[in-house]
Every structure is written in C-alpha cells, then in structure tokens.
Asks: 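Below is a structure I'd like to ask you about.
Lettering of chains follows the sequences in order, A, B, ..., and the numbering in each one begins at 1.
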There are 2 protein chains.
Amino acid sequence: MSESTGLRARKKERTRDAIGDAAVSLFLQRGFDRVSVNDIAAAAEISKPTLFRYFPTKEDLVLYRFVDHQGEAARVVRDRQSGIKPVTALHRHFRAGLDRYDPVTGLSDHPEVVAFHRLVFTTPSLAGRLTRYQLDDEEALADALGEGIQARLLAAQVLAVQRVLARTNWQKIADGRTAHDVHPEAVADADQAFNQLP
Amino acid sequence: MSESTGLRARKKERTRDAIGDAAVSLFLQRGFDRVSVNDIAAAAEISKPTLFRYFPTKEDLVLYRFVDHQGEAARVVRDRQSGIKPVTALHRHFRAGLDRYDPVTGLSDHPEVVAFHRLVFTTPSLAGRLTRYQLDDEEALADALGEGIQARLLAAQVLAVQRVLARTNWQKIADGRTAHDVHPEAVADADQAFNQLP
DNA sequence: ATGACTGAGTTGCTTTTTTAACCGAGTAAC
DNA sequence: GTTACTCGGTTAAAAAAGCAACTCAGTCAT
C-alpha cells in the first residue's frame, strides 16, 4: 500500500487545513466580517500572501469545504455502474449521504456544522459565492449527463432538488431536532423529490 | 512588552526543536548508530538537506543541548559583579545549577535526562565530540579570564572540575539514588572542589 | 470634501525547504 | 575482487513561504 504522499504535498495539505480551520473557527466565534484576513493569517501562523496563495478570496476561506465536493455529482454520474440511470445513481448517492449524516445533506446536528451552515446562509456575500460554485457544479453535471438542452435542464433540476432537500433538513435541525429524529422524513422527502424527476 | 519574534524566526526555532527532539527520542529508543539521519528527518518531517542546515553533523543532533550552554562559563565571568572573583562567580553559578537540579550539573533524576547522559557517555563518537565542544568552551573562558598562561590554566582547571562534579553526580543517580538525596553531597563536593582552586 | 484609517488583495525580493541526484567510505555477498 | 548496499553529507534547481510596501475601496471624522 502506498500512502507516501511526499513531504511537500503533505505539508501543503496541512497548511491548507490549518488556514481553513482557523478561518472557520474565527468566523464562527465573531462572524464573517468581524474577522480580518490578517487575524486569520495570524491564527494560522502564516503570512498574508501565503493565505491568498491558498485561497483566492476571503469568501473561499469559508466555502472550501464545499469546494472539496466540487464536481461530485458529475463524478457520481460518470462512475455509475452500467445499466443504472443517472438520476438513480444520484438518488442513491444522496441517500447514502443521508445515512451517514453527511453535512452536505444538511442532516448533521453537530453544533459546529449547524453553526457553519447558519454562517453561510445568513452572510449574503457567502451565499452569493456559494451559488456561483453551484453553477460550476451544475455545468459539470450537465456535461456528464450528455450534450443537449435536456442534459442542462436535468442537471439544473437535480441540483435544485438537492439544494432544497439540504436546506429543509438543516432548517429542521436548526429548530432543535436531532439528525436521527429527522432522518426518516429526510429519506421520504428525498425519495419523493428524486422520483418525480424525469 | 514585545514578544513579537516574527513568523520566520518562530518557525525556525520550532523546526530546530522538532529535529532535535525527534533525534534524541529515536537515539534513546534504539541507540545512536541504529538510527539513520534519514529516520530522523522522516520523524521530524523535514528533508535531509534541511536537517543538515540546522545541524552540521549527526553528533550535533545529540549535543545541541550542550551547545545551547556554549560559552556559559565565559559569560558568567564577564557578567559578574565588580569585586567578585571569577572563581567565586563560577562557584555560585554551579551551585545555583545544583539547586535547580539543572541537567548540566549531572544532578537530575528525570529518566529521560539520565538516559540521555548514558547515551552520551557510552557512545565514543559522542563523548569525543563533546570534549571538542568543551575545548571551545575552555578557550572562551580563558579569554574571559585574561591573557596569559595563568588564565588558560585556570580555565582548564575550572572546566575539569565541573566535568568531574557532573559525572560524579550523574554516577550516583545512575546507581539509583534520587537527585534530592544526592544534593547535599553534590554541594559539599562542589564547595570543596571550587575552594581548592587558586 | 479632504484626510486619515482600515481591510482585501497584490507585487517584488529574499530566505527557506523540497527534490533528486550525487560523492565517498564502509561492508556484506558471491 | 567486483558488485551492490547503506549511510553520512553535499549540491543545484525549483517550489514555497516570509516580509514590506503597495493599490484600491470603503468609511468616518472634521
């Protein structure tokens, strides 16, 4: 088994995580625009230019956790077993995320995750930037689905569905319920939503 | 109060410590020449050239803890209050080291320190290199003491005395006694030794 | 409205680190 | 004896990080 990543790559990854974690932690403590990039750089013990070498903008410091899932939908479609319809593959993948309470499904009641989602949804510049990421994601998914306008339409609908499902789940949890409690409804919602897709 | 060390300096110091600690820890586990510099570099998560930029030779990886005390005797003499004889200043300084169980006096029963001393004394190349350090130390002390042959003689005698005292203390502790138990004898030995110096 | 600040990004230059390749001595295999 | 290791230590080139100083917006006094 090769888990040898090379010194350079390993340290870069660690630096990236350190910056991202420091940023999110500070943002959760004090709010997005009460924290300067200087604060983050200081907390992560790196210099400001280094910070911007890892993250193009301040917003990306928050959203890099989503970026890591960038293109995931497209990948699911591409890697599906033959004979399985794209929508089915996406449905199963979302369902699996639900079952392991993956934060991207909105179905996580870890306090940090909940706070993080509130941060994103209630900070306009972050929500804005997030939709831009989702557009990229949509495009990739459309490409994976095929060529014409139908592929684009389907891609848009799938991602819209996932967005709504995730927000719905998050909302219920933000209202104080546990992820475990919400799980059955989340599964039912997902089944209904995906099944009425073309 | 300024404790601002600058990012660069702070990280360098940390890297140095990481290398030194990794090295000593491995040496204590497996013995000096059962550990390659590659092992040390890997454990400290730095590359081999980096290791050698921090430490000129493998031996220095062990001895840097002594190097940090390099020139201490000379400094004690130079910084003594006026009216105090050099030997007296050195005597008091050694006595103070005894009182705080400073490892350099040999009067420490921390298992790690004891094992470390055994490592140094029982590994020929290390003992050899250590005496070279002590020669440098001796020269610095001689310069601090004055010009002629007398200064050199005194310097040599002082350091010889300190060496013997430290080894004597260490030997007693290696035989199983506690530092606290040995302390009175160590003080008596030191008093006797320093008092019969010119 | 002008001037002084603050904060997001950037730029040029220097220092540090990684990488991979090498040297030279020792040593074990055959 | 030659071949092939391993190990201490070095070198050159390229990547990455630090530092200081800068631009460009906004903001908030006076």
Side-chain angles (χ1 to χ4, degrees), chain A residues 2-24 26-27 29-64 67 119 123-126 128-129 132, chain B residues 2-20 22-24 26-27 29-64 67 119 123-129 132:
Chain A
S2 79
E3 43 82 26
S4 64
T5 330
L7 210 45
R8 194 122 81 194
R10 209 165 32 200
K11 287 191 176 178
K12 278 183 80 163
E13 202 175 329
R14 240 181 264 167
T15 303
R16 192 183 166 79
D17 286 349
I19 300 173
D21 290 351
V24 169
L26 285 176
F27 287 151
Q29 278 174 47
R30 320 213 294 257
F32 184 70
D33 29 38
R34 296 176 119 98
V35 178
S36 76
V37 293
N38 281 307
D39 296 338
I40 298 165
E45 303 208 89
I46 45 110
S47 68
K48 194 161 57 146
T50 298
L51 187 154
F52 282 108
R53 245 178 253 127
Y54 279 87
F55 296 92
T57 73
K58 188 183 179 186
E59 281 80 24
D60 293 283
L61 283 167
V62 182
L63 301 177
Y64 81 105
V67 177
L119 172 72
T123 308
S125 63
L126 287 180
R129 186 110 190 159
R132 280 218 32 222
Chain B
S2 77
E3 42 81 28
S4 64
T5 329
L7 213 43
R8 200 124 75 187
R10 209 171 352 164
K11 288 189 177 180
K12 277 182 81 161
E13 201 175 329
R14 243 181 260 168
T15 302
R16 193 184 166 78
D17 286 349
I19 300 173
V24 170
L26 285 178
F27 287 152
Q29 278 174 46
R30 318 213 294 257
F32 183 70
D33 29 35
R34 297 176 119 96
V35 178
S36 76
V37 293
N38 280 308
D39 295 338
I40 298 165
E45 303 207 272
I46 47 111
S47 68
K48 197 162 59 148
T50 299
L51 186 154
F52 282 107
R53 229 174 339 85
Y54 280 87
F55 297 92
T57 71
K58 189 183 178 186
E59 281 79 25
D60 292 284
L61 283 166
V62 181
L63 300 177
Y64 81 105
V67 176
L119 173 72
T123 309
S125 64
L126 287 179
R129 186 110 190 161
R132 280 217 34 218

Asks: Hey, could you give me each pair passing ring-ring contact (aromatic ring centres under 6.0 Å, His included) that has a residue in residues 40-60 of chain A? Not counting sequence neighbours.
Replies: A:F55-A:Y64
Asks: Looking at C:dT18, I'd like to know if its phosphate oxygens (OP1 or OP2) sit under 4.0 Å from a side-chain N or O belonging to B:S47.
Replies: yes
Asks: Do the non-hydrogen side-chain atoms of B:R129 and B:T123 ever get within less than 4.5 Å of each other?
Replies: no
Asks: Anything under 4.0 Å to a heavy atom of chain B counts; send over the first and last such nucleotide of DNA chain D, read 5' to 3'.
Replies: D:dG8 to D:dC19
Asks: Return the set of residues passing side chain to side chain contact (heavy atoms under 4.5 Å, CB included) with B:N38 (not counting sequence neighbours), or none when no residue passes.
Replies: B:S36, B:K48
Asks: Of all residues at least two apart in sequence or in a different chain, which pass the side-chain hydrogen bond (donor to acceptor under 3.5 Å, both in side chains) check with B:R10?
Replies: A:E45
Asks: By nearest heavy atom, map B:R8 and A:K11 onto DNA chain C; which one lands nearer the 5' end?
Replies: B:R8
Asks: How does protein reach along nucleotides 5-12 of chain C, written 5' to 3' as B (base within reach of a heavy atom under 4.0 Å), S (only sugar-phosphate), or - (no contact)?
Replies: ---BBBB-
Asks: How long is the line joining CD1 of B:I19 and P of C:dT16, in whole Å?
Replies: 13 Å
Asks: Mind checking what makes side-chain hydrogen bond (donor to acceptor under 3.5 Å, both in side chains) contact with A:R30, not counting sequence neighbours?
Replies: A:D39
Asks: For B:L7 and A:K12, take the nucleotide of DNA chain D holding the closest heavy atom to each; which residue's nucleotide lies nearer the 5' end?
Replies: A:K12
Asks: With side chains defined as the heavy atoms from C-beta onward, is the minimum distance between A:I46 and B:K11 less than 4.5 Å?
Replies: yes
Asks: Would you indicate what A:F55 reaches in the nucleic acid, counting non-hydrogen atoms under 4.0 angstrom: base, sugar-phosphate, or nothing?
Replies: nothing
Asks: Centre of B:F32's six-membered ring, under 6.0 Å away, within 45 degrees of the axis: is that where NZ or CZ of B:K58 sits?
Replies: yes
Asks: Between A:L61 and A:V24, is there a side-chain heavy-atom distance shorter than 4.5 Å?
Replies: no
Asks: Whole angstroms only, please: what is the CG-P distance between B:D33 and C:dT27?
Replies: 12 Å
